[in-house]
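Keep in mind that what you see is a predicted model, and the values were worked out from it rather than measured.
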Amino acid sequence: QVQLVESGGGLVQAGGSLRLSCAASGRTFSSTAMGWFRQAPGKEREFVAGISASGTFTYYADSVKGRFTISRDNAKNTMALQMNSLKPEDTGVYLCGGRFVRNGATLERDYDYWGQGTQVTVSS
């Protein structure tokens with residue numbers, strides 16, 4: 001059983017920053033690719049950023065490139081998402097997902113397990 005727990009969400013003004021964390025347990029974290037998705041009210045879940053098991057490869061949605069940075073610490077079984085220059089359109093529930101393979105992915109259907117999510121609200 002794999003468990004993912006997100007933290008770090010909150011309310012921030014446009015232009016501000018937040019750092020999200022995802023703590024993993026129950027599986028060899030260093031052999032699993034991970035990613036962040038978000039879901040706004042009334043919208044489908046969308047890919048934000050992904051990272052390979054080793055951390056060598058990272059992937060970003062065009063909407064967050066240059067503003068968000070994904071990283072992982074395999075020694076601590078954690079993944080992070082540093083979010084800078086936040087915009088109101090970044091508002092949503094942010095979820096971390098994991099894969100049972102080492103390669104990263106950008107599609108929701110390629111992820112095998114999920115956390116419960118953490119709310120991010122960016123005010124204008």
Task: Contact check, side chains of Glu46 and Arg38, non-hydrogen atoms, under 4.5 Å - done: yes
Task: Shortest non-hydrogen contact between Ser124 and Pro88, atoms and distance - done: CB-CG, 3.8 Å
TODO: Using the rule that two of Ile, Leu, Val, Met, Phe, Trp, Tyr join whenever any of their side-chain heavy atoms come within less than 4.5 Å, decide whether Val48 and Tyr59 are in one cluster.
DONE: no
- [ ] For Phe29 and Ala24, work out which heavy atoms get closest and say how close.
- [x] CD1-CB, 3.4 Å
TODO: Could you tell me whether the side chain of Asp110 and the main chain of Ala105 form a donor-acceptor pair under 3.5 Å?
DONE: no
TODO: Calculate, to the nearest 0.5 Å, the distance between atoms CG and OG1 belonging to Leu4 and Thr32 respectively.
DONE: 8.0 Å
TODO: Walk me through it: do Met83 and Leu20 pass the test side-chain contact (heavy atoms from CB on, under 4.5 Å)?
DONE: CA-CA 8 Å; Met83 306 187 295; Leu20 305 183; 3.7 Å; yes
Task: Pairs satisfying disulfide bond (SG atoms under 2.5 Å apart), at least one member in residues 14-105, at least two apart - done: Cys22-Cys96
Open item on the list: Taking atom CD as the centre, does Glu89 end up with more than 12 heavy-atom neighbours from other residues, nucleotides or ligands that are less than 6.0 angstrom away?
Closed with: yes
Task: Donor-acceptor contact present, side-chain Glu6 to main-chain Gly117, <3.5 Å - done: yes
Open item on the list: Treating Gln39 as the side-chain partner and Gly92 as the backbone partner, does any N or O pair qualify as donor plus acceptor under 3.5 Å?
Closed with: no
- [ ] Measure the shortest side-chain to side-chain distance between Tyr60 and Arg67 over non-hydrogen atoms and say whether it is less than 4.5 angstrom.
- [x] no
Task: Same apolar cluster (I L V M F W Y, side chains within < 4.5 Å links), Leu81/Phe47 - done: no
Open item on the list: Once rounded to the nearest 0.5 Å, what's the spacing between atom OG1 of Thr121 and atom CG of Asp90?
Closed with: 11.0 Å
Task: Common cluster, Val101/Trp36, ILVMFWY with side-chain heavy-atom separation under 4.5 Å - done: no
- [ ] Could you tell me whether Arg45 sits above the aromatic face of Tyr111, with NZ or CZ closer than 6.0 angstrom to the six-membered ring centre and within 45 degrees of the axis?
- [x] no
Task: ILVMFWY network linking Ile51 to Trp114, side-chain heavy atoms under 4.5 angstrom - done: no
Task: Pairwise distance CZ(Arg99) to OG(Ser52) - rounded to 0.5 angstrom - done: 11.0 Å
Task: Main-chain N/O of Ala53 paired with Asn74 side-chain donor or acceptor, under 3.5 Å - done: yes
Task: Distance-minimising heavy-atom pair for Ser85 and Ser17 - done: N-OG, 4.3 Å
Task: Shared hydrophobic cluster, Leu86 / Phe37 (ILVMFWY, side-chain heavy atoms < 4.5 Å) - done: no
Open item on the list: Take a 6.0 Å sphere around CZ of Phe57 and say whether it holds more than 12 heavy atoms from other residues, nucleotides or ligands.
Closed with: no
TODO: Kindly assign one of parallel, tilted or perpendicular to the pair Phe68 and Tyr94, based on the angle between their ring planes and the thresholds 30° and 60°.
DONE: tilted
Task: Ser30 side, atom OG; Arg102 side, atom CZ - distance, nearest 0.5 Å - done: 6.5 Å
Open item on the list: Can you tell me how far apart OG1 (Thr91) and CD (Gln119) are? Round to the nearest 0.5 Å.
Closed with: 7.5 Å
TODO: Starting at CG of Leu95, measure out to CD of Glu108 and round the result to the nearest 0.5 Å.
DONE: 9.0 Å
Task: Sequence-distant partners of Lys65, side chain to side chain donor-acceptor pair (under 3.5 Å), two or more places apart - done: Asp62
Task: Non-hydrogen atoms of Ser71 and Arg19 that approach each other most closely - done: OG-NH2, 4.0 Å
Task: Closest contact, heavy atoms only, Thr118 versus Gly8 - done: OG1-N, 4.3 Å
Task: Heavy-atom closest pair, residues Ser54 and Thr56 - done: OG-OG1, 2.8 Å
